[in-house]
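See below for the structure under consideration.
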Amino acid sequence: MSLVIEKVEKRFTDFAALKGVSLEAPDGAFLALLGPSGSGKTTLLRILGGLENADLGHVSFAGLDWLTIPARERRAGFVFQQYALFRHMTVAKNIAFGLEVRPARQRPARAEIKRRVEELLSLVQLEGLGGRYPSQLSGGQRQRVALARALAIEPRMLLLDEPFGALDAKVRKELRGWLKGLHTRLGLTTVFVTHDQEEALELGDLVAVMNEGRIEQIGPPGVLINAPATPFVADFLEDALARSPDTNLRSLVRARTIK
Amino acid sequence: MTRPLAPTKDHPLVRWTLTAVALGFIGLFLVLPLVVVFHDALGDGLTAALAAIREPDAIAAIQLTLTAAAIAVPLNAIFGIAASWAIAKFDFAGKGFLVTLIDLPFSVSPVVSGLIYVLVFGLQGWLGPWLAEHDVKIIFALPGIVLATVFVTFPFVARELIPLMTDQGRDEEEAAVSLGASGWATFRRVTLPNIKWGLLYGVLLCNARAMGEFGAVSVVSGHIRGLTDTMPLHIEALYNDYQYSAAFAVASLLALLALVTLVLKSLLEWHFAEEISAAHHH
């Protein structure tokens with residue numbers, strides 16, 4: 001039932017975005033794809049979501065040959081960096097979208113859709129805001145609407161592209177804790193992309209450090225910090241963590257340096 | 001002592017002069033001619049003006065103009081959406097060339113575009129003999145007029161939509177697909193609502209031009225009174241016959257149709273101001 005990515009390659013006209021990426025994550029994992037911009041992390045996420053086709057390679061997930069399933073049938077809940085909310089629809093309509101576009105036979109009754117929307121609104125703590133338009137919401141609220149919309153389709157996997165990238169530091173911190181709690185509660189296999197070392201190490205139970213289209217190292221945060229496999233990983237993590245305001249992470253780094 | 005001006009403010013004299021120049025220009029070149037058209041239409045009195053519009057050849061011309069617009073505008077709305085969709089949402093070889101092609105009708109003289117159709121479909125043209133054999137009439141008939149109108153008004157919808165759709169990107173469409181929407185559902189529920197105001201604006205402009213087109217239609221129509229004369233052609237014919245007030249009466253009607261288009265657009269913009277601004281900003 002785990003997520004297995006094997007030798008995935010992707011070339012755009014003028015450069016190779018992914019040069020053979022393989023990784024394995026258990027079911028229910030919270031996997032962070034961490035790397036500098038241009039390292040291929042977003043491309044990998046988009047391939048998992050079906051928004052981009054891989055040139056080569058294989059992905060299996062939930063016992064399925066994942067890449068052969070068309071995007072619209074994949075049920076991969078994708079949360080976009082800029083949220084991509086439907087600007088002409090209310091929050092409630094945005095969340096209901098995935099249910100309303102189902103073929104008539106599989107579409108829940110209107111009352112059932114309404115109930116599900118209410119449920120999701122309360123899950124993302126936006127009760128009473130169903131009638132608003134996206135333009136009337138704050139960044140943090142939009143982010144949660146995007147999450148609720150992705151969760152409405154009962155996704156097999158949740159994919160988040162720089163989920164906190166567009167938010168200010170304070171909101172980012174709050175949402176981070178909330179998202180971690182949500183993941184624990186739902187147990188949904190989640191892959192998220194970030195260029196923020198602290199974010200990856202704090203949120204992910206598994207972190208894949210990517211660089212120039214390859215995975216440098218994948219492992220739990222503690223392992224990455226204590227035993228970086230390559231000079232790139234050591235450099236990329238150390239710089240950021242030494243400056244981190246998070247005392248837990250800082251002490252981890254310090255403990256290692258002393259050792 | 002004079003009060004110093006705020007650094008971002010122009011001197012009042014500059015503002016007044018510029019405003020006066022703009023208003024004077026609009027008045028002299030836009031409003032005055034329009035007023036003259038309506039004024040001269042009533043030169044022989046209201047009864048004469050109404051009679052000029054009710055006359056059979058005039059009615060035939062009005063019908064032909066409306067028919068041609070009713071066919072050309074929806075066609076160009078569909079072509080325009082398809083072209084802008086392809087240009088804004090996908091990358092493909094020859095994209096720049098396609099964008100240039102869309103502008104072609106704007107840069108080519110309408111008379112030339114009319115001639116092109118005569119050369120292709122006319123009796124002496126490439127397809128002429130074949131068409132004559134199969135008894136299909138294009139030149140000097142409605143199909144030719146529609147073709148010429150479609151050609152000339154092609155860019156309006158596309159020009160309006162390409163920047164709008166490019167600006168909106170494809171994120172929302174991608175989101176729709178990842179939520180399980182089919183291509184058609186994505187278009188109908190996401191793309192179309194996002195572009196509907198731009199589309200409406202393009203369609204209105206396209207319609208105004210379609211009804212007013214003279215050059216291209218003039219070449220392909222053959223000027224058969226009561227049969228292939230559209231409103232602009234009919235106006236010219238009346239004018240050449242020294243029937244000035246009749247010419248201006250029909251011209252007033254044509255101008256009125258254009259004004260209605262503009263009023264309609266302003267009303268819609270005013271009524272849906274909030275929704276329109278929501279479509280542009282996220």
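Every chain is numbered from 1, with letters handed out A, B, ... down the list of sequences.
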| said: Please identify, among A:Ile153, A:Leu99, A:Val79, A:Leu137, the residue contributing the most non-hydrogen atom pairs under 4.5 Å to chain B. | reply: A:Ile153
| query | Should the pair B:Asp91-B:Arg170 be classified as a salt bridge under the 4.0 Å nitrogen-to-oxygen rule? | reply | yes
| query | What are the two closest heavy atoms between B:Leu161 and B:Gly198, and how far apart are they? | reply | CD2-C, 3.8 Å
| query | Judged by modelled atom types alone, do B:Glu172 and B:Asn194 share a side-chain donor-acceptor pair under 3.5 Å? | reply | yes
Is [X] in contact with chain B via its backbone, its side chain, both, or neither, using a 4.5 Å heavy-atom distance?
X: A:Ala146; value: neither
X: A:Arg149; value: both
X: A:Ala71; value: both
X: A:Glu100; value: both

| request: With side-chain hydrogen bond (donor to acceptor under 3.5 Å, both in side chains) as the test, would you mind laying out the steps for B:Thr153 and B:Glu213 before giving the verdict? | output: CA-CA 9 Å; B:Thr153 59; B:Glu213 174 53 26; over 6 Å; no
| query | Within the side chain of A:Ser135, is there an N or O that forms a donor-acceptor pair under 3.5 Å with the backbone of A:Tyr133? | reply |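 Checked: no pair found.
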| task | Side chain from CB out, backbone as N, CA, C, O: work out which of these in B:Thr186 comes under 4.5 Å of a heavy atom of chain A, or both, or neither. | result | neither
